[in-house]
Amino acid sequence: MKRLICLLIKNCTWDGKVERELNYTIQKLAVVPELNEYLNSIKSIELRHFKDSSLLGSYIPPQKKIVIYTNNIKSIERAIFVFLHEFAHHIFVTSNNFDSSYNENIRNSAYLREEIKADSLALQLLNKHFSDYHIKKVVKIITNGIECMEEQLKEISNQWVCHWNYNFATYSTNSSVNYTVHWMNVRNEVVSTENYVL
Ligand SMILES: [Zn+2]
């Protein structure tokens, strides 16, 4: 595994700690071959400071670059989650499961769907690989956030609700990671199903 993380701030204990933990995070994920392939296709991961406190991380598709804004993140568990969220965007973009009408500045349905997808996959990865961390608080915040985005999506599209179902049953060293999304209507009927083999 090549060295990915680039620390753009020097002499800060917190940033150094985040850097170490994210290196460890990458090592943990790299054990799964399918995830390792996606990790290898990331060009760089930058740790920076940013003045807008609402921004914790971003993914820049053309450069395959993940940026983590360490000064806005208050716990290691959150830092790991932010990385997993941006990594999830990378996975969806790279595997062509990404709505190109997505724009991070416009909260339209494409935005909400992509953010729900990224949060949901990141949550799965967090639960699967980082259950030995204090993840309860982050899981609660993100689960509430997903519910909130689902509500917004429902308002925008007037009838759609989404329900996410993940199948990690075949998640092992030799098999693929399956990720299934069921989109459902208000009567809880499945309208469409998207299967991703990561
Ligand atoms: Zn995002």
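One-based numbering along the sequence shown. For ligands, and for the atoms within them, numbers begin at 1 and follow the listed sequence.
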Atoms (protein N, O or S; no water) under 2.8 Å from the Zn ion (ligand 1): 4
hydrophobic_cluster_shared for Leu55 and Leu112, side chain cutoff 4.5 Å: no
Contacts of Asn96 that satisfy side-chain contact (heavy atoms from CB on, under 4.5 Å) - sequence neighbours left out: none
For Gln27, all residues meeting side-chain contact (heavy atoms from CB on, under 4.5 Å), sequence neighbours excluded: Tyr24
Derivation and outcome, salt bridge (charged side-chain N to carboxylate O under 4.0 Å, His left out), residues Lys28 and Asp132: CA-CA 12 Å; Lys28 271 191 148 187; Asp132 51 333; 3.4 Å; yes
Ring geometry between Phe87 and Phe83 (parallel below 30°, tilted from 30 to 60°, perpendicular above 60°): parallel
Which pairs of donor and acceptor atoms, one on a side chain in residues 56-68, lie under 3.5 Å apart (sequence neighbours left out)?
| residue | atom | partner | partner atom | Å |
| --- | --- | --- | --- | --- |
| Ser58 | OG | Tyr69 | OH | 3.2 |
| Tyr59 | OH | His90 | ND1 | 2.7 |
| Gln63 | OE1 | Lys65 | NZ | 3.4 |
| Lys65 | NZ | Glu46 | OE2 | 3.2 |

